[in-house]
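See below for the structure under consideration.
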Amino acid sequence: PEDRGPVVRVEQLPGRRKLFEQRFEDPHLEARLLGNGRLLAVSSQAGLQAWDVGRGRPLGPPVPPVKGVDYLQPLAASPDGRLLAVAELN
C-alpha cells in the first residue's frame, strides 16, 4: 500500500541537511519548532505530540484531544524543553 499523509521534515540550512523526518496520517496538522529547534510540536485532530528533533523520537506519550476543544495549538516551549504552552482552540 502507498504511504499517505504529510511528511514533516526539519532541515539544516544551508545545504538542506535532513535532521528529522516523520510521516503523519492526519492531513490536517500544524508543526512548530520550539526550544531553539530541539523540539518539534505536532498538533492534529488526533492530539499533540512533542518530538526530539535530534533523536527523531517522541518525547513521552501524545497528549490526547481535549473534550470540547477542537484543536491544541503549540505556542512555546521552555528552554529545556520540559514545558510546553498550548492554546485550546474551538
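Atom set for the values below is all heavy atoms of this structure, side chains included, hydrogens, waters and symmetry mates excluded. Note that the structure is predicted; figures quoted are calculated from it, not measured.
- Of all heavy-atom pairs between S43 and Q73, the closest is OG-N, 4.4 Å.
- Remark: L40 CG to R32 CZ distance equals 11.5 Å, nearest 0.5 Å.
- Partners of E25 by salt bridge (Lys or Arg N to Asp or Glu O under 4.0 Å), not counting sequence neighbours: none found.
- Looking only at distances, no side-chain donor or acceptor of D26 sits under 3.5 Å from a matching main-chain atom of L29.
- When the shell of 6.0 Å around CG of D70 is examined, it contains more than 12 heavy atoms from other residues, nucleotides or ligands.
- Taking both residues in full, the closest heavy atoms of P6 and P27 are given as CD-CA, 3.7 Å, listed atom of the first, atom of the second, then distance.
- With values rounded to the nearest 0.5 angstrom, E30 atom CD is found 4.0 Å from Y71 atom OH.
- Other residues sharing a hydrophobic cluster with L84 under the 4.5 Å side-chain heavy-atom criterion for ILVMFWY residues are L34, L39, L48, L59, V63, V66, V69, L72, V86.
- Side-chain N or O atoms of R57 include none that pairs as donor or acceptor with a backbone N or O of D52 at under 3.5 Å.
- Contact detail for V42 and W51: the closest heavy-atom pair is CG2-CD1, 4.0 Å.
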